[in-house]
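Heads up: the structure comes next, in structure tokens.
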Number of protein chains: 2
Amino acid sequence: MPRRAPPASSIKDVAALAGVSIATVSRVANGVLNKASPETVARVRQAIAALDYRPTSAGRALRQRTSRLVAVLAANLANPAMAAIAASAEVALRENGLVMVLCDTHDRPELQDEYLREMLAQQARAIVLLGAVDSPMLRKLHATPTPLVFVNRRSPVAGTGRFVGIDNRAAGADVARWALSKGLGKAALIHARSASSATRDRVAGILEGFSAEAAALDPAAIRSPEGRDHLAIGREGARQLIEDGMAPALVICTSDLIAYGAARAWREAGLAAAMPRMIGFDDSPLNDWVAPTLSSVRIPYGAFGEAIVAAVTGADRSSGLVLPHLLVERG
Amino acid sequence: MPRRAPPASSIKDVAALAGVSIATVSRVANGVLNKASPETVARVRQAIAALDYRPTSAGRALRQRTSRLVAVLAANLANPAMAAIAASAEVALRENGLVMVLCDTHDRPELQDEYLREMLAQQARAIVLLGAVDSPMLRKLHATPTPLVFVNRRSPVAGTGRFVGIDNRAAGADVARWALSKGLGKAALIHARSASSATRDRVAGILEGFSAEAAALDPAAIRSPEGRDHLAIGREGARQLIEDGMAPALVICTSDLIAYGAARAWREAGLAAAMPRMIGFDDSPLNDWVAPTLSSVRIPYGAFGEAIVAAVTGADRSSGLVLPHLLVERG
DNA sequence: AAAACTTAGGAAAACGTTTTCCTCAAGCCG
DNA sequence: CGGCTTGAGGAAAACGTTTTCCTAAGTTTT
């Protein structure tokens, strides 16, 4: 039933053509040059080129007990920010001879576990979690040597795995400081009811930032409704604020998507003219195009790829990388 | 240097635990039940569960000469429409026991070739091209048994590969008919200067649709500037229209992203109030949230996944699947 | 009761690599 | 000239599966 792959040329063919043993071909192909004379190397290289040979990954993976695959498990690919990270990671991995396998866990623990299992069977070189959720397999994995990299959200198991992301708490505080220094007036906050460390830290930072200036956020102006995605959460949160007669001058959202949703609620309420100022997190690349008045905390997603590679290859022994964020003001 | 994967339990361990040969374990694991007694099957199953055994893909791929990997080569992951297709494909593939490997070719032939080579080395079960571009390797691949599936854009090599997408020509004609029947007045057209069959067919359909009603699109109102992405193209095209004093009542864009770009140009020109009506293609899921006045031809991206799987597994012998589109009117 | 099947399961080959030893020859030192 | 070292390269094992035979017992058919 399984369709056979094309009978590509194998190492044997190259060896035969070059008149050497397969061991030599393998060495040359892998850049081990001190075991063959320059002439032999040249001959083998020529044969490789002539046959368009490339080592089959299955054979290599079998022998080396690890593949060139790096699994990236994203919580939600529909989120442009996640897609941006994935794209950036893909480029960086490729440049390091690794291949990205991208999966969408939909933030569901069972699905995440299923993927973790599969990637273990694939002998993935490393597993990158773009928004991890706690799950049994994840805990088991911590006991294995497979490198685990947590992006945006920290590992649900304290003190394990490398982290790549921004300092969300500091970013939250920055937003609060900015709001106060601008004298924007009454602020509201909409965030996801998620247990993710990113959201938690942002919210904590925001609250801290306000209280550090002896100001405070009206608890009635904080909303964290349930919702199937950030867009819906933002819309629902804003709807509640409007319904309750709140008229904030600024709405802080813990993601750009939440802000998109909130803006829609204001439009739908016929209050487009009285739309409050808004600020989100991520600074989605689309903002300049579709949300010209949305301020946002820019997260350098384009730089995540390299950071992820560094974490994957364990180039630095540190427990992770904290990248800089930047508050981008619009509108 | 390569970090070793955890010493997961292998088929031998299972065999030892169940007191059978590895052949029997393999058979049971693959659901071949007519070669073992029910009791043996049960015993093996128990051992498999106890050891949390899952066949290593490298061994399997080596023996079967094909892997469970399906390569998806996307032209541009930053495009939410592509991301949506990828997400949909990923789910459908997974449900069929296949694993998606996602790559971003950035519409560049060399990069596409590099990925094609790599995926051949990975013994990918099939290769899905989300926006293929012509390239040497692609032509070579047509001679191999590896199934090739073209999504959105048809194969650059006539008559080869399966196709999944909508009838772009008909969709273009639908847009023209809609514009005329609504009596919207003077229309403009912005499209990418791409050689992709999707864009070509849409443009052709639009022009045909107009002439079929004995109307015509002012050639001076058709723009196809160069640009690094659709957003930039839309912005530049609109900028040209504005500069040339065109004041179309409707701007037809061959993608939603182009329309986003065009809208930005009008805003930037200080003409937000006089923004023409717009219609795009894709109907990005984000439209309802960020572009409430953008009409669009909805492409059922959520259904692409299943169609792709059907094409990949060759379940139907047809040369491809044409899915229905739908004109969604907004604003 | 011999012959022919069936059932349950095992032994072993094959898949394509990488890598660990070997070997053989040449060059060097004493 | 005998013993080292070094350079160049080969033979073969091992990795974990799947699958093709094979076998030995039991069961049916003549």
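Every chain is numbered from 1, with letters handed out A, B, ... down the list of sequences. This one's a predicted model, so the numbers in the text were calculated from it and none came from an experiment.
Residues B:Ser10 and B:Lys35 both approach DNA chain D. Their nearest nucleotides, taken by heavy-atom distance, put B:Ser10 toward the 5′ side. Looking at which nucleotide of DNA chain C each of B:Gly59 and B:Ala23 is closest to, the 5′-most match is held by B:Ala23.
Here B:Thr56 reaches the OP1 or OP2 of D:dT17: one of its side-chain N or O atoms lies under 4.0 Å away. A close approach under 4.0 Å does occur between a side-chain nitrogen or oxygen of A:Ser37 and OP1 or OP2 of D:dG9. Contact check, A:Thr40 against D:dG9: a side-chain N or O comes under 4.0 Å of OP1 or OP2.
Closest contact between the side chain of A:Val20 and the listed nucleotides D:dG10, D:dT17, C:dG9 involves D:dG10. Ranking C:dG10, D:dA11, C:dT17 by closeness to the A:Tyr53 side chain, first place goes to C:dT17.
Counting heavy atoms of neighbouring residues, nucleotides and ligands inside a 6.0 Å radius, atom CD of B:Glu306 does not exceed 12 of them. B:Gln46 CD: 12 or fewer foreign heavy atoms inside a 6.0 Å radius.
Note: CG (A:Leu62) to P (C:dA14) measures 16 Å, nearest angstrom. In this structure, CG of B:Leu33 is placed 11 Å from P of C:dA8, rounded to the nearest angstrom. D:dG16 atom C1' lies 16 Å from atom CZ of B:Arg54, rounded to whole Å. Between the CG atom of A:Asn34 and the C1' atom of C:dT19 there is a distance of 13 Å, rounded to whole Å. Atom C1' of nucleotide D:dT18 and atom CD1 of B:Ile22 are separated by 9 Å, given to the nearest angstrom. One atom, CZ of A:Arg65, and another, C1' of D:dG16, lie 9 Å apart when rounded to the nearest Å. In this entry the distance linking CZ of A:Arg60 with C1' of D:dG16 reads 18 Å, nearest Å. As rounded to whole Å, 6 Å separates atom C1' of C:dT18 from atom CD of A:Gln64.
For B:Arg27 against C:dG10, a side-chain N or O and a base N or O form a donor-acceptor pair under 3.5 Å. Interface remark: the B:Arg63 side chain does form a donor-acceptor pair with the D:dT18 base, using a distance-only criterion of under 3.5 Å.
If you check every strand for non-hydrogen atoms under 4.0 Å, B:Ser26 touches a base. When heavy atoms are screened at a 4.0 angstrom cut-off, B:Ala58 is found touching no nucleic acid atom at all.
Between the side chains of A:Thr66 and A:Gln123, no donor-acceptor pair of N or O atoms lies under 3.5 Å.
Checked against B:Glu110 for a side-chain hydrogen bond (donor to acceptor under 3.5 Å, both in side chains), the options B:Gln112, B:Arg108, B:His106 give a single hit: B:Arg108.
Within the 4.5 Å cutoff, the side chain of B:Asp134 has no heavy atoms near those of the B:Pro109 side chain.
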